[in-house]
*Asks:* 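Have a look at the structure that comes next, please.
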2 protein chains.
Amino acid sequence: MAAQQRRERERAERHRLIITAARELAEAEGWGAVTTRRLSERVEYSQPVLYSHFKGKDAIVAAVAVEGFEELATALRRARADHPDARAGLRALAYGYLEFARARPAVYAAMFVRETDIEFGTEATPAPLKAAFGELHGAVAPLAAARGADPEACTELFWSALHGLATLTEGSRLRPGAHRTRVDLLIDLVTAGT
Amino acid sequence: MAAQQRRERERAERHRLIITAARELAEAEGWGAVTTRRLSERVEYSQPVLYSHFKGKDAIVAAVAVEGFEELATALRRARADHPDARAGLRALAYGYLEFARARPAVYAAMFVRETDIEFGTEATPAPLKAAFGELHGAVAPLAAARGADPEACTELFWSALHGLATLTEGSRLRPGAHRTRVDLLIDLVTAGT
DNA sequence: CTCAGATGTCTAGCAGTGCTAGGATCGGCC
DNA sequence: GGCCGATCCTAGCACTGCTAGACATCTGAG
């Protein structure tokens with residue numbers, strides 16, 4: 001009876017333990033260092049236990065990604081909340097997005113760079129992912145409408161620019177010192193004439 | 001004497017054979033399918049031969065990337081050449097860049113997505129890579145100057161947007177039908193007021 | 001023409017990967 | 001107490017990138 005509940009609770013805790021261990025390991029040493037052996041050692045269980053919780057290593061990475069989607073959605077919501085002005089809100093959103101990616105490069109990679117089977121444009125899309133994109137859409141769409149542009153296309157383009165900035169910055173392929181200049185320029189371009 | 005030259009020539013041919021084999025295999029089945037064993041089987045030599053030409057697998061991928069940089073530079077130069085008008089040139093450049101990425105996703109990944117030790121902003125940067133970025137800069141800088149924006153930052157931002165569009169499209173994370181809408185909108189934003 | 005030495009290539013193997021079959025061990029129920 | 005099912009681990013498979021050492025082949029001197 002109660003023992004059953006206790007075991008289910010312990011199992012759920014171990015489930016989360018695996019996810020956070022994978023995340024911490026990836027964040028500390030990169031996804032290349034995340035092996036099932038090191039992971040099982042870290043959670044102090046043998047390898048097969050991992051496979052009783054997840055279908056495979058990819059599923060663990062996907063779980064980390066979903067956790068990231070939730071955090072990103074709340075981060076974007078907060079960034080936008082304090083700014084009633086559309087332009088200031090967009091600006092805060094952009095900096096929030098890029099700061100999110102900068103602070104958790106491994107999680108960001110799991111979400112958007114590594115190959116996954118997470119669906120993006122379908123009904124199987126995780127709800128937190130939809131929520132995160134919804135924040136982007138909410139910030140961009142009004143400005144797009146004001147200039148007579150397609151709101152969806154504008155949102156996708158804005159996201160693409162942020163994603164490009166995030167990944168190229170992470171790979172140190174952009175001049176570090178010009179970060180603010182680039183982001184401010186992006187905001188200027190999108191909000192010009194409004 | 002002559003035999004020495006013949007062997008050097010054969011060695012150079014085999015060097016290229018390895019690169020093209022890796023590229024074809026990656027393009028056909030993805031980089032995950034490119035293993036040293038399959039590669040050695042494909043070039044009809046044993047594994048250690050690969051290591052007499054390249055330091056390791058990563059070096060082979062990097063060689064494919066450098067080949068890609070050369071092709072990208074010429075593709076961008078051609079795209080821009082036919083359009084004296086700055087705006088039309090930028091537009092052709094953008095479509096050329098994205099078509100390049102769409103047609104060779106594996107090569108594009110080797111160039112810009114997979115982790116490599118290729119240096120980007122230093123003097124050790126491969127010349128073809130500098131040339132490709134030079135084409136971008138040449139197309140964007142005049143328009144940036146016309147609006148009083150930092151040319152370097154504008155080039156980096158434009159590249160980031162293209163890179164984001166390329167990678168998110170490749171991962172089927174953007175609506176396929178709206179491709180032209182997004183690209184045209186990007187050109188509109190960058191060239192607005194000029 | 002012969003034969004040491006250099007050059008080139010291959011076989012076999014190492015340590016590590018994701019993943020799994022089979023046996024041992026522990027819990028709760030009759 | 002004795003059984004049974006759930007839980008977990010040991011051991012192993014087929015694969016990975018990479019390399020040491022044996023083998024062959026070709027070169028050039030005597």
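Within every chain, numbering begins at 1; the chains are lettered A, B, ... in the order of the sequence lines, protein sequences first and strands thereafter.
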*Asks:* Rounded to whole angstrom units, what separation is found between the CD atom of A:Glu41 and the P atom of C:dT17?
*Replies:* 10 Å
*Asks:* Go through C:dT9, D:dT19, C:dT20 for me and flag the one nearest to the B:Tyr45 side chain.
*Replies:* C:dT9
*Asks:* C:dG16 P sits how many Å from A:Arg38 CZ, rounded?
*Replies:* 12 Å
*Asks:* Step by step, work out the side chain to side chain contact (heavy atoms under 4.5 Å, CB included) result for B:Leu143 and B:Phe158.
*Replies:* CA-CA 11 Å; B:Leu143 290 160; B:Phe158 188 71; over 6 Å; no
*Asks:* C:dT7 P sits how many Å from B:His53 NE2, rounded?
*Replies:* 16 Å
*Asks:* Could you state the atom-to-atom distance from CD of B:Glu10 to C1' of D:dC26 in whole Å?
*Replies:* 13 Å
*Asks:* Between the base of C:dG18 and the side chain of A:Arg37, is there a donor-acceptor distance below 3.5 Å?
*Replies:* yes
*Asks:* Let's go through A:Phe69 and A:Val107 carefully: what are the C-alpha distance in whole Å and the side-chain angles of both, what is the deciding distance for side chain to side chain contact (heavy atoms under 4.5 Å, CB included) to 0.1 Å, and is it a yes or a no?
*Replies:* CA-CA 9 Å; A:Phe69 291 140; A:Val107 175; over 6 Å; no
*Asks:* Give the rounded distance in Å between these two atoms: CD1 of A:Ile18 and P of C:dG18.
*Replies:* 14 Å
*Asks:* For the pair A:Phe100 and A:Tyr108, name the ring-plane relationship: parallel under 30°, tilted 30 to 60°, perpendicular over 60°.
*Replies:* perpendicular
*Asks:* Rounded to whole angstrom units, what separation is found between the CG atom of A:Leu39 and the C1' atom of C:dG16?
*Replies:* 16 Å
*Asks:* Is there a side-chain contact between B:Ser46 and the phosphate of C:dT9, meaning an N or O under 4.0 Å from OP1 or OP2?
*Replies:* no
*Asks:* Picking from C:dG18, C:dA21, D:dG17, which would you name as closest to the side chain of A:Thr36?
*Replies:* C:dG18
*Asks:* Looking at CG of A:Leu25 and OG1 of A:Thr35, how far apart are the two atoms once the value is rounded to the nearest 0.5 Å?
*Replies:* 7.5 Å
*Asks:* Roughly how many Å is it from CZ in B:Arg11 to P in C:dT7, rounded to a whole number?
*Replies:* 12 Å
*Asks:* Please pick, from C:dT9, C:dT20, D:dT19, the nucleotide with the shortest atom-to-atom distance to any side-chain atom of B:Arg14.
*Replies:* C:dT9
*Asks:* Does some side-chain heavy atom of B:Trp159 sit less than 4.5 Å from a side-chain heavy atom of A:Leu174?
*Replies:* yes
*Asks:* Can you tell me how far P of C:dG18 sits from NZ of A:Lys55, to the nearest Å?
*Replies:* 17 Å
*Asks:* Classify the side chain of A:Gln47 and the base of D:dC9 as holding, or not holding, a donor-acceptor pair under 3.5 Å.
*Replies:* no
